[in-house]
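Because the structure is predicted, anything quoted here is derived from the model rather than measured.
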Amino acid sequence: MTKAIMLQGTGSDVGKTVLVAGLCRLFANRGVRVRPFKPQNMSNNAAVAEDGGEIGRAQWLQSLAARVPSSVHMNPVLLKPQSETGSQIIVQGKVWGQAKGRDYQALKPQLLGAVLQSFATMRAGTDLVIVEGAGSPAEINLRKGDIANMGFATRANVPVVLVGDIDRGGVIASLVGTHHILPDEDRRMIRGYLINKFRGDLSLFGEGVDAIGGFTGWPCYGVVPWLKAASRLPAEDSVVLERLARGSDAALKIAVPVLPRIANFDDFDPLRAEPDVDLVFVRAGEQIPADAGLVVLPGSKSTIGDLMDLRAQGWDKDIAAHAHRGGRVIGICGGYQMLGRMVHDPLGIEGSVTDMPGLGLLDIETEMAPEKTVRNSVAFSREYNAPLSGYEIHLGVTRGTDCERPSTTIDGRPDGALSSDGLIMGTYLHGLFTSDAYRAKLLASFGLTGERLDYRAGVEAALDEIAAELEAVLDPAWLDSLVH
């Protein structure tokens, strides 16, 4: 029978996503048929699964680690936060509805059937399913109707390993405290724990392991060091934007305004990996650097809402001044829509504001429509005569004079727009910077002609490196028990 194990955390951002990806690659390297699964995810970083429909970007990465095609059943419930209307609810890849936080709590029991159905689909024809929880099971105020942590584990009878993050401090208290407050039914599901993000002399933590075992009776399956290779993987959670390094002496500064509902910001990971690029994420209260050579407007889950915030920050004036100086601007998806003259939302899909002036840098207008475009695509940069591949996830139709100069073609269709001077460009294609050929020509246009990275190969190498580190520090008997 297919085995399964679930990693739950003592809190958010303890590193579950990377650990699941690393374990998927570890077992795939051993020849085990392994698949990832996350019952419920909350993220505006989405991917298009190979069987069609949206899943969390993290589950796409984990499927890559497992060397299996991505599927909507790997993440059956995806919540995408947006303005005014709460979160959009994606079920098995398709839009199911939307709800505010309190309303969603009442809806969760209706979604459990889809979650269990998707889990059964993932178990079919495989040896091991590695499940990732969300947040923490210690949030007992959310336990009723839970489908993300112990609610799922108890219904699906999947044993749990608890993950504690030692880097943030208080890891002993967080593990012991979780043990203390969980009801007996949930506590019985936990088989042991992992310590994650350890730095320093491991011998100094021996008494800590003994103390946790004394309080809980749980075995420790391993102390995982700080995994440096994780920085080379696409990030899922927007909290990572607060930690990214900035201010290098690189030749080209690229500025990205961090909008409140920023989406698919892993579009920028290939640029961040380039040694001669200083990728600056501009936070609220900061100005867009005047010495930036390129400003990129990211995707957004709420174009009109983020346009309003962009103006409140004064970034519209910064971008206008940048363009007036002859600076380059690229808009991706929602960022592309913002570059136009107007954004119309006559049906109120995004909220109560139905018309919003754009930045006026492209002669285009966008009208929101209820039909959502979700597809993986083969594309081509007409601007740089370079192949592209990526995906589309967007609402709205964009038209206008500058669309007569499409920046790209997607599956043979014209897409995007270019200004008459070629300095302002927009596209609906996510993932264009992942194309090594496109990225090389873009950077060469700024005078950067050095050898470019093979970005995808770097991600694969990082996954193998993480798998090797996990194999070296995790209890081999526990690893063997997962498949035997």
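- Among all heavy-atom pairs drawn from Asp345 and Gly351, the shortest one is OD2-N, 3.9 Å.
- Side-chain N/O atoms of Gln62 and Glu132 include a donor and acceptor closer than 3.5 Å.
- Within the 4.5 Å cutoff, the side chain of Leu61 has no heavy atoms near those of the Pro36 side chain.
- Judged purely by distance below 3.5 Å, without hydrogens or angles, the side chains of Ser203 and Asp201 pair a donor atom with an acceptor atom.
- The minimum heavy-atom distance linking Ser63 with Ser70 is given by the pair OG-CB, 3.4 Å.
- Here the CG atom belonging to Leu111 is positioned 5.0 Å from the OH atom belonging to Tyr104, to the nearest 0.5 angstrom.
- The minimum heavy-atom distance between Asp51 and Val72, with the atom names listed, is OD1-N, 3.0 Å.
- Electrostatic pairing of Asp464 and Arg67 counts as a salt bridge here, judged by a charged N lying under 4.0 Å from a carboxylate O.
- Using a distance-only test at 3.5 Å, with no hydrogens or angles considered, a donor-acceptor pair links the side chain of Arg452 to the main chain of Gly450.
- Arg57 has a carboxylate O that lies under 4.0 Å from a charged side-chain N of Asp266, or vice versa, which qualifies the two as a salt bridge.
- Checking Gln98 against Ser87 by side-chain atom types alone, no donor-acceptor pair falls below 3.5 Å.
- Using modelled atom types, no side-chain atom of Ser435 and backbone atom of Leu432 make a donor-acceptor pair closer than 3.5 Å.
- Between Arg232 and Asp269 no salt bridge is recorded (no basic side-chain N to carboxylate O distance below 4.0 Å).
- Contact of the Pro39 side chain with the Val77 side chain is not registered, since no non-hydrogen atoms from C-beta on lie closer than 4.5 Å.
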**OP:** Kindly indicate, with the supporting measurements, whether the criterion side chain to side chain contact (heavy atoms under 4.5 Å, CB included) is fulfilled by Val282 and Val256.
**Re:** CA-CA 6 Å; Val282 184; Val256 180; over 6 Å; no
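- Listed for the Thr178 side chain is no donor-acceptor partner under 3.5 Å among the backbone atoms of Ala138.
- Taking the side chain as every heavy atom from C-beta outward, Ile330 and Leu442 approach each other to under 4.5 Å.
- A side-chain N or O of Thr303 and one of Gln337 form a donor-acceptor pair less than 3.5 Å apart.
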**OP:** Go through the steps to decide whether Asn196 and Leu19 satisfy the test side chain to side chain contact (heavy atoms under 4.5 Å, CB included), and finish with yes or no.
**Re:** CA-CA 9 Å; Asn196 198 23; Leu19 290 177; 3.8 Å; yes
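- Summarising the geometry, atom CZ belonging to Phe27 is positioned 8.5 Å from atom CD belonging to Glu471; distances are rounded to the nearest 0.5 Å.
- Looking only at side-chain heavy atoms (C-beta outward), Asn264 and Asn44 stay at 4.5 Å or farther from each other.
- Atom CG in Leu227 sits 5.5 Å away from atom CD1 in Ile466 (nearest 0.5 Å).
- A salt bridge between Lys100 and Asp103 is absent, with no side-chain N of the basic residue lying under 4.0 Å from a carboxylate O of the acidic one.
- The side-chain heavy atoms of Glu392 and Val374, taken from C-beta on, include no pair separated by under 4.5 Å.
- For the residue pair Gln92/Ser118, the side-chain donor-acceptor check at 3.5 Å is satisfied.
- Checking side-chain atoms of Asp146 against main-chain N and O of Gly151 turns up a donor-acceptor pair under 3.5 Å.
- Here the closest heavy-atom approach between residue Ala46 and residue Tyr391 is recorded as O-OH, 3.4 Å.
- Taking a cutoff of 4.0 Å between a charged side-chain nitrogen and a carboxylate oxygen, Arg30 and Asp480 qualify as a salt bridge.
- The six-membered or imidazole ring of Tyr428 lies near that of Tyr336, with a centre-to-centre distance under 6.0 Å.
- In terms of modelled atom types and a separation under 3.5 Å, the side chain of Thr409 and the main chain of Gly412 share no donor-acceptor contact.
- Residues Thr154 and Asp186 form a side-chain contact, since some pair of their non-hydrogen atoms from C-beta on lies under 4.5 Å apart.
- With 3.5 Å as the limit, one finds no donor-acceptor pair spanning the side chains of Lys80 and Gln88.
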Original post:
Can Thr10 and Val171 be said to form a side chain to side chain contact (heavy atoms under 4.5 Å, CB included), step by step?
Top reply: CA-CA 8 Å; Thr10 56; Val171 71; 5.8 Å; no
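- Between the Arg191 side chain and the Met189 main chain, a donor and an acceptor come within less than 3.5 Å of each other.
- Taking CG from Leu112 and CD1 from Ile147, the interatomic distance works out to 7.0 Å, rounded to the nearest 0.5 Å.
- Asn75 places a side-chain N or O within donor-acceptor distance of the main-chain N or O of Lys38, the cut-off being under 3.5 Å.
- Looking only at distances, no side-chain donor or acceptor of Glu54 sits under 3.5 Å from a matching main-chain atom of Gly93.
- You'll find the ring centres of Tyr455 and Phe433 outside the 6.0 Å limit.
- Residues Val129 and Met122 approach most closely at CG2-O, 3.8 Å, considering heavy atoms.
- Under 4.0 Å is where a charged nitrogen must lie from a carboxylate oxygen, and between Asp127 and Arg33 at least one such pair does.
- When atom types are taken as modelled, the side chain of Asp454 and the backbone of Asp436 share no donor-acceptor pair closer than 3.5 angstrom.
- Taking 4.0 Å as the cut-off between side-chain N and carboxylate O, Arg25 and Glu460 count as a salt-bridged pair.
- Counted within 6.0 Å of CZ on Arg155, heavy atoms from surrounding residues, nucleotides or ligands total 12 or fewer; the atom is thus considered open.
- Using modelled atom types and a 3.5 Å distance limit, the side chains of Asn376 and Glu50 yield no donor-acceptor pair.
- The number of heavy atoms from other shown groups lying within 6.0 Å of CZ (Phe198) is above 12.
- Asp411 contributes a side-chain N or O that, together with a main-chain N or O of Val378, makes up a donor-acceptor pair within less than 3.5 Å.
- Residues His394 and Lys372 fail the side-chain proximity criterion, which asks for heavy atoms closer than 4.5 Å.
- Between Phe152 and Phe37, the gap from one ring centroid to the other is short of 6.0 Å.
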**OP:** Could you go through the side chain to side chain contact (heavy atoms under 4.5 Å, CB included) check for Asp13 and Arg168 one step at a time?
**Re:** CA-CA 10 Å; Asp13 197 36; Arg168 66 175 59 187; 3.6 Å; yes
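- Side-chain contact between Leu271 and Arg439: present, with at least one pair of heavy atoms (C-beta onward) separated by less than 4.5 Å.
- To the nearest 0.5 Å, atom OG of residue Ser300 and atom CG of residue Leu259 are 6.0 Å apart.
- Across every non-hydrogen atom of Val34 and Ala28, the tightest pair is CG1-N, 4.0 Å.
- Atom CD1 of Ile262 and atom CG of Asp306 lie 8.5 Å apart (nearest 0.5 Å).
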